[in-house]
Amino acid sequence: MRADKTSEQKSKLNIVVAIDGPAGAGKSTIARHLARHFGLLNLETGAMYRAFALKALRLDVPLGDSAALERLAAETDIQLKPGDDENHVLLDGEDVTGQIRNQVVTDAASRVSVFPPIRAAMVKRQQEMGAKGGVVMEGRDIGTVVFPNAEVKIFLDAAPEVRGMRRYDQIGQVGQTGQRGHGDAKPVPPPEEVIRDLRARDERDRNRADSPLRPAPDSFLLDSTNLTLDEAVKAAEATVNAWLAKREMADSQR
Ligand code: DC
């Protein structure tokens with residue numbers, strides 16, 4: 001898996017910024033901002049699990065069959081193409097970006113991501129993509145597993161009700177097909193249902209045996225329950241700036 005060349009040339013800082021946290025904590029907004037602000041590539045690893053889940057759904061591969069999923073992963077090519085606004089995801093060469101945000105794929109992504117062989121395949125690709133540095137990578141296990149030596153690690157969190165309401169607002173804007181800017185025939189589920197689904201996904205992501213969602217011991221914990229997303233973005237930016245200032249100081253003392 002490769003990042004595209006033009007974006008690669010844009011990167012100035014040779015660091016890895018790892019952003020982990022549960023759904024609705026604000027990871028994508030913050031990652032997008034940091035990427036723009038510091039000239040880094042923004043790689044959204046959840047989109048890879050989503051694209052793989054979409055393939056399993058399309059082919060009717062049972063979402064609980066680890067061996068069948070492993071065989072499927074061996075014959076699947078997933079590429080992330082960082083864009084200015086969001087990542088484009090290519091599944092075996094097909095751009096599936098507009099098909100991976102609906103509730104069915106969201107739920108399936110969380111299910112297939114519990115299996116170690118699937119995680120191993122994704123992690124390997126993610127490590128290849130970030131090997132040269134100059135990236136903001138967001139997901140669940142970036143600071144703990146994918147890049148345990150990342151220069152900056154941020155763990156984002158917020159109360160489930162707050163995250164659920166953010167997700168609810170997002171579904172309202174995006175529509176249930178998951179295509180930004182396109183309306184949709186399906187009604188938006190009520191907030192209680194969105195919060196319930198989010199809790200179920202949290203439960204799975206946090207309690208799976210392999211690489212559960214948890215903060216790396218050396219991560220900066222950022223709880224955005226009582227912050228606007230804008231304030232959370234500023235706090236994340238300050239964390240990267242603090243790291244850069246520390247590095248500059250260390251360099252000047254050499
Ligand atoms: O970040 P997201 O909501 O797009 O992620 C979708 C699912 O993929 C999420 O429920 C868990 C899984 N995932 C993961 O296990 N590890 C990652 N690094 C990213 C996502």
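Quantities reported herein were computed from a predicted structural model and do not represent experimental measurements. Quick note: residue numbers are just sequence positions, from 1. First listed ligand is number 1; within each ligand, the first listed atom is number 1.
- Every N/O-N/O distance between Gln126 and ligand 1 stays at or above 3.5 Å.
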Next item on the list: Show the numbers, then the answer: is there a salt bridge (Lys or Arg N to Asp or Glu O under 4.0 Å) between Arg71 and Asp65?
Entry: CA-CA 10 Å; Arg71 283 194 297 277; Asp65 187 339; 5.2 Å; no
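- For atom 13 (N) of ligand 1, the closest non-hydrogen atom of the protein is Tyr49 CD1, 3.6 Å.
- Counting all heavy atoms, side chain and backbone alike, Ala53 lies closest to Val112 at CB-CG2, 4.1 Å.
- Neither the backbone nor the side chain of Ala23 has any atom closer than 4.0 Å to an atom of ligand 1 (non-hydrogen atoms only).
- Among all protein heavy atoms, the one lying closest to atom 1 (O) of ligand 1 is Arg140 NH1, 2.8 Å.
- Residue-level proximity to ligand 1 for Met48 is absent, since no heavy atom of it falls below 4.0 angstrom.
- For the residue pair Thr228 and Asp230, no side-chain donor N or O sits within less than 3.5 Å of a side-chain acceptor on the partner.
- What sits closest to atom 12 (C) of ligand 1 on the protein, heavy atoms only, is Ser113 OG, 3.6 Å.
- Remark: the backbone N or O of Ala73 is not paired with any side-chain donor or acceptor of Lys55 at under 3.5 angstrom.
- Residue Glu138 places no N or O, backbone or side chain, under 3.5 Å from any N or O of ligand 1.
- Under a 4.0 Å criterion applied to the non-hydrogen atoms of Arg50, ligand 1 contributes the atoms 2 (P), 3 (O), 4 (O), 6 (C).
- Considering every non-hydrogen atom in both Ser113 and Arg119, the closest pair reads O-NH1, 2.7 Å.
- Annotation: Arg119 places an N or O atom under 3.5 Å from an N or O atom of ligand 1; distance criterion only.
- Near Ser110, meaning under 4.0 Å from one of its heavy atoms, ligand 1 places the atoms 10 (O).
- Annotation: Arg208 places an N or O atom under 3.5 Å from an N or O atom of ligand 1; distance criterion only.
- The proximity of Arg111 to ligand 1, defined as any non-hydrogen pair under 4.0 Å, does not occur for either the backbone or the side chain.
- In this structure a side-chain-to-backbone donor-acceptor pair under 3.5 Å is missing from Lys81 to Leu90.
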Margin query: Please evaluate residues Arg101 and Glu86 with respect to the criterion salt bridge (Lys or Arg N to Asp or Glu O under 4.0 Å), reporting the C-alpha separation (whole Å), side-chain torsions for both, the decisive distance (0.1 Å), and the verdict.
Written below: CA-CA 12 Å; Arg101 300 278 162 203; Glu86 63 175 350; 5.4 Å; no
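- For atom 19 (C) of ligand 1, the closest heavy atom belonging to the protein is Thr45 OG1, 3.4 Å.
- The residues Arg196 and Glu192 are annotated as not salt-bridged, no charged nitrogen and carboxylate oxygen being separated by less than 4.0 angstrom.
- Near Arg101, with a cut-off below 4.0 Å to any heavy atom, the atoms of ligand 1 are 4 (O).
- Across Ala158 and Arg166, no two heavy atoms sit closer than the pair CB-NH1, 4.1 Å.
- Considering all non-hydrogen atoms of both residues, Leu34 and Leu40 come closest at O-CD1, 4.3 Å.
- Nearest-heavy-atom check against atom 11 (C) of ligand 1 across Asp205, Thr144, Thr106 picks out Asp205.
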